[in-house]
Amino acid sequence: MNRHEKSSNAPSLLRNRFLQTILLSSVLLQIGIWVRNFAILLYVAEKTNNDPYAISLISVAEFAPIFVFSFIGGTFADRWKPKRTMIWCDLLSAVSVFAVLLTIHFGSWHSVYLVAFISAILSQFSQPSSMRLFKYHVPEEQLQQGMALFQSLMAIFMVLGPMLGTFVYSTFGLETSIAIMGVVFLLSALVLIRLPEDHLKPQTTAGKGQFRKDFNEGFRYVWHSQVLRMLGLAFILAGLAVGVAQALNLFIVTERLGKSKEFLQYLLMVNGAAMLIGGGIVAVFAKRVPPQLLLAIGMLAGAICTVIVGYSTSVPLTLTVQFLNGLVFPCIHIGISTMILKWSHSSIVGRVNGVLNPMFVGMMVISMSFAGALKDAFSLGTIYSGAGLLFFLGALVMVPIMNQKAPDHSHVAQEA
């Protein structure tokens, strides 16, 4: 039975065995990631007396592997069996966590950076494999709803994650927090055994020069698709805007609103709660709205809300705008993920994801690194207006491709 025969008689989305399994695995991984993030952050801050350089190295450990391994991981994800790849990535993550835990126990506290670094590397192989399976096992008309469910899950942990991570570290300490991460990765690997067996065959055989050919093919595929090219440009603009806004959020709280830095958690919680609601709303209406329009709506709302936040000195107004922004933000994530899945052949989803994802993360890190210099040179209102303009340009990028329909990849051979 081919994929389109399955989609013609598609079961309820939540009864899809693949989606049930992936969601449960994602819950376990999110618990581990948030406990890890806050344990490392609080431990390093405590150990170095809030040294900004030592703390910034945490972000480097988390984001640097994306630049190097996203392309490579996406290429191998298209060549390997995706279920096996995901299980091995979780198992290797668990083994690496326990190995690092031993080094921490025997006195090398700097090893905490390796926990984030190794996990980030392995996720660059696991995540595109998940995208491949998602495209294969979820019917075309339910892809956008499935992405909305994932967005809702992420939003739940944006609200609960910081509280969970802080509680575990403050109650049990660093070593137990790291051990919990290792255990949940093992549990995730066990859960993934429930995935349907791999029917996706490796697309290529290993050979001299074959990896480079596959690697380059991902770039050519994106370049030859107008929709994916425009999506890449939107990634760049959104990354620049998100990076500078995130880096300066603390100054919005302290300078524009006149509050202590602890007040930032309330802005993030309001935003996360709104994202949860927004993800649910998008899941209901997802079938009726093209992903290009979803992305444009999210970008436009982000433009307006970012400018208002930059100039607002009213706490109620800023919180309201943060809520509205969070309500619409899932449109960006869901629109992007759905476009990658719909406009990519199943044999090249990993490589397309590997090409596009670093564009967003790379621009975000670049704009974060320049945020301090921008803050010295310009007012917060001016900087946030610039970020809003980037979001607006990202919305405009969608206009030329607004009416394009996704190709039927069941009948079209992979492009080169």
Side-chain angles (χ1 to χ4, degrees), residues 34 37-46 48-56 58-59 62 154-171 238 240-278 298 301-330 332 364-365 367-391:
W34 280 100
N37 287 352
F38 271 79
I40 293 175
L41 175 64
L42 296 172
Y43 179 77
V44 170
E46 180 182 306
T48 65
N49 195 26
N50 294 318
D51 177 29
Y53 175 72
I55 292 172
S56 67
I58 300 171
S59 296
E62 290 175 3
M154 297 302 107
I156 289 171
F157 278 95
M158 280 190 69
V159 177
L160 300 180
M163 292 185 286
L164 175 66
T166 303
F167 171 77
V168 171
Y169 176 76
S170 60
T171 305
L240 288 170
V242 169
V244 73
Q246 281 191 358
L248 299 178
N249 263 340
L250 187 63
F251 296 101
I252 291 293
V253 170
T254 56
E255 293 184 14
R256 300 301 297 173
L257 302 181
K259 298 288 185 180
S260 66
K261 61 181 184 293
E262 285 76 19
F263 190 77
L264 178 61
Q265 66 181 309
Y266 297 109
L267 258 67
L268 298 178
M269 288 175 68
V270 164
N271 193 257
M275 285 174 63
L276 175 59
I277 298 168
I304 297 168
C305 292
T306 300
V307 173
I308 294 174
V309 166
Y311 283 99
S312 171
T313 56
S314 165
V315 172
L317 175 60
T318 299
L319 288 174
T320 301
V321 171
Q322 284 284 73
F323 182 84
L324 293 174
N325 195 28
L327 206 61
V328 183
F329 189 80
I332 296 178
M364 186 175 73
V365 173
S367 63
M368 279 178 159
S369 64
F370 281 105
L374 290 173
K375 173 71 172 56
D376 290 336
F378 303 101
S379 68
L380 284 172
T382 302
I383 296 170
Y384 274 69
S385 295
L389 177 61
L390 291 170
F391 274 126

How long is the straight-line distance from [atom2] of [Y] back to [atom1] of [X], given to the nearest 0.5 Å?
X      : Y      : atom1 : atom2 : result
Ile252 : Thr306 : CD1   : OG1   : 9.5 Å
Ile40  : Tyr169 : CD1   : OH    : 11.0 Å
Lys259 : Thr254 : NZ    : OG1   : 12.5 Å
Thr166 : Trp34  : OG1   : CH2   : 9.5 Å

Work out which heavy atom in [X] is nearest to a heavy atom in [Y]; give both atom names and the distance.
X      : Y      : result
Ala303 : Gly388 : CB-O, 3.1 Å
Ser367 : Gly243 : OG-CA, 3.1 Å
Ser312 : Leu317 : OG-CD2, 3.6 Å
Ala387 : Ala241 : O-CB, 3.5 Å
Tyr311 : Ser385 : CE1-OG, 3.1 Å
Val309 : Tyr384 : CG1-CE2, 4.2 Å

Exercise. Does a sphere of radius 6.0 Å around NZ in Lys375 hold more than 12 heavy atoms from other residues, nucleotides or ligands, not counting ones at 6.0 Å or beyond?
Worked result: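 Yes.
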
For this session: Please step through side-chain contact (heavy atoms from CB on, under 4.5 Å) for the pair Phe263 and Val315, ending with a clear verdict.
Result: CA-CA 10 Å; Phe263 190 77; Val315 172; 3.7 Å; yes

Problem set entry | side-chain contact (heavy atoms from CB on, under 4.5 Å) between Thr318 and Arg256, worked out | CA-CA 10 Å; Thr318 299; Arg256 300 301 297 173; over 6 Å; no

Problem set entry | Sub-4.5 Å side-chain heavy-atom contact between Leu248 and Val244 |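 They are in side-chain contact.
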
Distance-only donor-acceptor pairs under 3.5 Å for side chains of residues 319-327, two or more places apart:
from	atom 1	to	atom 2	distance (Å)
Thr320	OG1	Pro316	O	2.7

Exercise. Do any N or O atoms from the side chain of Thr171 and from the backbone of Val168 form a donor-acceptor pair under 3.5 angstrom?
Worked result: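 The answer is no, because no donor-acceptor pair under 3.5 Å joins these two groups.
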
